[in-house]
**Student:** 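Got a structure here, written out as structure tokens. Questions coming.
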Number of protein chains: 4
Amino acid sequence: MARAIDESKLNRIHAATLQLVVEHGYGGASIVSIARRAGVAEGYLYRFYPSKHELVVSLLFNKVNQLISKLKELLENDTVTRSIIEQLILGIFELAEIEKNDILFIHSLMHHYHFQISTSQREEIRLLCEQVIALGGRNGELEASLTPEEVYTMCFLYPIEFIHLRIKGFLGKTDWSAEEKQRVITFCINSLKPV
Amino acid sequence: MARAIDESKLNRIHAATLQLVVEHGYGGASIVSIARRAGVAEGYLYRFYPSKHELVVSLLFNKVNQLISKLKELLENDTVTRSIIEQLILGIFELAEIEKNDILFIHSLMHHYHFQISTSQREEIRLLCEQVIALGGRNGELEASLTPEEVYTMCFLYPIEFIHLRIKGFLGKTDWSAEEKQRVITFCINSLKPV
Amino acid sequence: MARAIDESKLNRIHAATLQLVVEHGYGGASIVSIARRAGVAEGYLYRFYPSKHELVVSLLFNKVNQLISKLKELLENDTVTRSIIEQLILGIFELAEIEKNDILFIHSLMHHYHFQISTSQREEIRLLCEQVIALGGRNGELEASLTPEEVYTMCFLYPIEFIHLRIKGFLGKTDWSAEEKQRVITFCINSLKPV
Amino acid sequence: MARAIDESKLNRIHAATLQLVVEHGYGGASIVSIARRAGVAEGYLYRFYPSKHELVVSLLFNKVNQLISKLKELLENDTVTRSIIEQLILGIFELAEIEKNDILFIHSLMHHYHFQISTSQREEIRLLCEQVIALGGRNGELEASLTPEEVYTMCFLYPIEFIHLRIKGFLGKTDWSAEEKQRVITFCINSLKPV
DNA sequence: AATGAATGAGTATTCATTCAT
DNA sequence: GATGAATGAATACTCATTCAT
């Protein structure tokens, strides 16, 4: 009988939060600015989240889940390690091309003092990296002694940092070509393959 | 003769700032807390820096310079690329062992929205990375088509991220052995060497 | 025929309001919490009261009326002052025993900045106290020069404060015995009787 | 070397807080209004108190202490119970005549949901009341079976409530004559004396 | 009739910065 | 020079009230 929840409002809050955290950092993304950009009342988001922190945590969780799901799916449908890694990194690039704020958002918060990728997601990542190692070990594509940390570093962190450095123009360039994507992949695979 | 600036006070301010930024993040390191820990008056540091931001920027600049100087020195005194890279990474580890806050400080701010490694330092880093590539190319130790970005990523960013992940216990472990340091070096060199 | 107002809903609102004001104070009893405890929608009570304030005022009015009616009834059916006072105070205790929130509610609001016993009720109380004085004067049970204020203080305020002090455990004890009730009555009568 | 703390500012904060709590209740005395009336910056009082609540608690403590000290002093210098009680009540009236907000402030908070006279002060009051009872028992001025609660109620609470009822004009009058003060005293003593 | 989505003015509190001493 | 008293704009969050459905 009361009016239905306007889903688009919640979406706009999410979008505004993501955008403002990317643009001005967590501290610079004030509730007022988020509400204003989303076109809702200041107090509205407290109907869904108990605090600004929780809102951002939840958003981070979802964005990281996207990445994890991508890798999970690849591992289920493919058995060539090289191809899995290639698809994963291409997937991260694709995400950055479609919605570059998603990657910048993850990047911004994974290094922020008050945030961390959740314990459960870290565990999931570790298991997936172990699967990659196991698979790569069986068909001789990867060095056997590889640690999950190394796989995580090269397959997740490295592409994310690469994209971040580019978008921020750290060493000049602010975008990337198809060749450069391939180079990131090659670079990653080379570092993981047996000596 | 005017009284000399009390160097020890300034040093204490620097130490307190570094420590508190690492412990509580930039936002959590308040001027009051910095002044209190340094044992000086709140207003005192404004004699040297126009703002908290400038103080931190300056500190970041110095800490990054340490790293750059290290590499510069190595490049001047050594001509074996492998050895240069090894020494650089060992140097970063050594810094983290002696004063882990230095690395955490750099890590914290290089990803912080309001900070960036300065343009001039970025340029210096680029030139040094090019020198490494040139040297490695001449004696066939490195792939010829390597970009400065790749060298920066593997020789600076990767060890720093590794140390950070460990100290924060991202995947469990919170320290590192001599073997693990060697592994980071090998991993880095493998990724850069010719295929 | 229009649907009758759902009396039970209104009752539940009243009960919830009373309870929450007693438990958390006027400020701590939010509309949401009242509505939730009553099992009605937030907006529902605005059909009956223009504001939270009016709701509470009306409730206070009713609760105070109970007390006034008690005394009125006693004055109509009894002519022994001592017995009237005894019955009144026992009545207040009884109320506190059956539904201690009623007394705590009155107590909480009669001292609250934004509330007051209504002018008309204050007048009623004054008249009743005068009746008590007149009656007590006629049969020599009470000091002739007594003021309504004194009667009000000893017969209403004192028992209410006593009950409140006990329930809150001001000086340790949190309940009262039959003897203690008698003592309150004696104490009250002693203070009002001729010297 | 820095400027000295302006004591008058702190005094003005205390005065403003007292006044505004009396005028608009605890909830109605906002930090902005307190600061504005005191002529200081909003944030200033946080140099002395960690919160609005603590500020008010501390003020209440001091005001109640005044009352307790008064009684203590009387008990040390006098041995006639009647005279002690008389002086105490006259002292409370005097306080209300000099600075009626002090009494209203105590009255407002002693009944407020979030405040209470501190445990230690309640204990002090209990001990003093016991002293009064002991003294009054020895020289036959007071009923032997009196409880501290009864003494507290008649000697503290009753005069405070009386003053409050008058100032608020509960039953019409808004001040009191010397005779009326004497009457309060007589009333109090009568209620406590042996039957 | 009854709901509860949505509002936004209001709250206490923080903290970098200024400047009288 | 060095201090720390004082400022006030900015912050996250609350909640009585309105009104579309």
Side-chain angles (χ1 to χ4, degrees), chain A residues 1-7 9-10 13 27-36 39-55, chain B residues 2-6 9 27-36 39-55, chain C residues 2-6 9 27-36 39-55, chain D residues 1-7 9-10 13 27-36 39-55:
Chain A
M1 288 181 188
R3 99 199 77 152
I5 284 189
D6 187 338
E7 284 293 344
K9 282 193 178 168
L10 194 46
I13 288 173
S30 74
I31 294 291
V32 187
S33 67
I34 291 171
R36 191 132 51 206
V40 301
E42 274 177 62
Y44 189 56
L45 61 87
Y46 290 94
R47 291 184 65 79
F48 306 101
Y49 301 98
S51 69
K52 175 185 163 186
H53 190 263
E54 291 295 313
L55 159 63
Chain B
R3 196 181 329 173
I5 285 171
D6 188 336
K9 278 194 182 176
S30 73
I31 292 288
V32 189
S33 68
I34 290 171
R36 193 134 51 208
V40 302
E42 290 165 55
Y44 186 62
L45 58 86
Y46 287 90
R47 297 194 62 73
F48 307 102
Y49 303 99
S51 71
K52 176 184 165 186
H53 189 263
E54 292 298 312
L55 159 63
Chain C
R3 194 182 331 173
I5 285 172
D6 189 335
K9 278 193 181 175
S30 72
I31 293 289
V32 189
S33 68
I34 291 171
R36 192 133 51 206
V40 301
E42 291 165 54
Y44 185 62
L45 56 86
Y46 287 91
R47 298 193 60 73
F48 307 102
Y49 303 99
S51 70
K52 176 185 166 187
H53 190 263
E54 290 299 312
L55 159 64
Chain D
M1 285 178 192
R3 94 199 82 150
I5 285 190
D6 187 339
E7 285 291 344
K9 283 193 178 169
L10 194 46
I13 288 172
S30 75
I31 294 290
V32 187
S33 68
I34 291 172
R36 191 133 51 206
V40 301
E42 273 176 63
Y44 188 56
L45 61 87
Y46 290 93
R47 290 185 65 79
F48 306 100
Y49 301 98
S51 70
K52 174 183 164 187
H53 190 263
E54 290 297 312
L55 159 64

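Throughout, protein chains are lettered first and strands after them, A, B, ... in sequence-line order, and every chain is numbered starting at 1. Owing to the predicted nature of the structure, the values given are computational and were not obtained by experimental measurement.
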**Student:** Roughly how many Å is it from CG in B:L55 to C1' in E:dT17, rounded to a whole number?
**Tutor:**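 Between C1' of E:dT17 and CG of B:L55: 14 Å.
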
**Student:** Would you check if D:Y46 and D:I31 make a side-chain contact, meaning some heavy-atom pair closer than 4.5 Å?
**Tutor:**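 Contact flag for D:Y46/D:I31 side chains = yes.
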
**Student:** Hey, which of these two, D:D6 or C:A29, hits DNA chain F nearer its 5' end, going by closest nucleotide?
**Tutor:**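 The residue whose closest nucleotide sits nearer the 5' end is D:D6.
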
**Student:** Starting at CZ of D:R47 and ending at P of E:dT13, how long is that distance when rounded to a whole Å?
**Tutor:**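 Checked: the CZ to P distance equals 17 Å.
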
**Student:** So if I take every side-chain heavy atom of B:Y44 and compare against F:dT3, F:dG4, F:dC13, which nucleotide ends up nearest?
**Tutor:**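 Nearest to the side chain of B:Y44 among the choices is F:dT3.
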
**Student:** Is there a side-chain contact between C:V40 and C:L45 in this structure, where contact means two heavy atoms from C-beta onward sitting under 4.5 Å apart?
**Tutor:**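 No; the side chains remain at least 4.5 Å from each other.
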
**Student:** Which nucleotide, E:dA12, F:dA16, F:dA2, lies nearest any side-chain atom of C:I31?
**Tutor:**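 Shortest atom-to-atom distance from the side chain points to F:dA16.
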
**Student:** Taking the nucleotide of DNA chain F with the nearest heavy atom to each, does C:G27 or B:G39 sit closer to the 5' end?
**Tutor:**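 Nearer the 5' end of the strand: B:G39.
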
**Student:** Distance check needed: E:dG4 P versus A:F48 CZ, whole Å only.
**Tutor:**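 One finds 14 Å between P of E:dG4 and CZ of A:F48, rounded.
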
**Student:** Distance check needed: E:dA2 C1' versus C:Y49 OH, whole Å only.
**Tutor:**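 Result: 17 Å.
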
**Student:** D:A41 side chain: which of F:dG8, E:dT17, E:dG4 is closest?
**Tutor:**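 Comparing F:dG8, E:dT17, E:dG4 against the side chain of D:A41, the answer is F:dG8.
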
**Student:** Given that A:I5 and D:A4 both sit by DNA chain E, which one's nearest nucleotide is further toward the 5' end?
**Tutor:**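 Of the two residues, A:I5 wins.
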
**Student:** Could you give the CZ-to-C1' distance, from A:R36 to E:dT7, as a whole number of Å?
**Tutor:**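 In whole Å, E:dT7 C1' and A:R36 CZ are 15 Å from each other.
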
**Student:** Side chain of A:K9, heavy atoms from C-beta onward: which of F:dT3, F:dT17, E:dT7 has the nearest atom to it?
**Tutor:**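 The listed nucleotide nearest to A:K9's side chain is E:dT7.
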
**Student:** Can you tell me the distance, in whole Å, between the CD atom of D:E54 and the P atom of E:dA12?
**Tutor:**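 To the nearest whole Å, that distance equals 15 Å.
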
**Student:** From C-beta outward on A:E42, which listed nucleotide comes closest to its side chain: E:dT3, E:dG10, F:dC15?
**Tutor:**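 Out of E:dT3, E:dG10, F:dC15, the nucleotide with an atom closest to A:E42's side chain is E:dG10.
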
**Student:** For C:K52 and F:dT18, give me the distance from atom NZ to atom C1', rounded to whole Å.
**Tutor:**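 Interatomic distance, NZ of C:K52 to C1' of F:dT18: 17 Å.
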
**Student:** Can you tell which of F:dC15, E:dA16, E:dG4 lies closest to the side chain of B:S30?
**Tutor:**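 Of the candidates, E:dA16 comes closest.
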
**Student:** Which of these nucleotides, F:dA12, E:dT11, E:dT17, is closest to any side-chain atom of A:Y46?
**Tutor:**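 The nucleotide sitting nearest to the side chain is F:dA12.
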
**Student:** Of all the nucleotides listed (F:dA5, F:dT3, E:dG8), which has the minimum atom distance to the side chain of B:V40?
**Tutor:**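 The answer is F:dT3.
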
**Student:** Would you say D:K52's side chain and D:A29's backbone share a donor-acceptor pair under 3.5 angstrom?
**Tutor:**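 Judged by distance alone, yes, a pair lies under 3.5 Å.
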
**Student:** Whole angstrom is fine here: how far is it from CD1 in A:I13 over to P in E:dA5?
**Tutor:**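 One finds 13 Å between P of E:dA5 and CD1 of A:I13, rounded.
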
**Student:** To the closest 0.5 Å, what do you measure between OG (C:S30) and CZ (C:R36)?
**Tutor:**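 It comes to 7.5 Å.
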
**Student:** Output, in order, the C-alpha distance, side-chain angles, deciding distance and verdict of side chain to side chain contact (heavy atoms under 4.5 Å, CB included) for A:I5 and A:L10.
**Tutor:** CA-CA 9 Å; A:I5 284 189; A:L10 194 46; 5.8 Å; no

**Student:** Any strand counts, and the cut-off is 3.5 Å on both contacts for Watson-Crick or G-U wobble. Which nucleotide pairs with E:dA1?
**Tutor:**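 Checking every strand shown, E:dA1 finds no partner, since no pair has both distances under 3.5 Å.
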
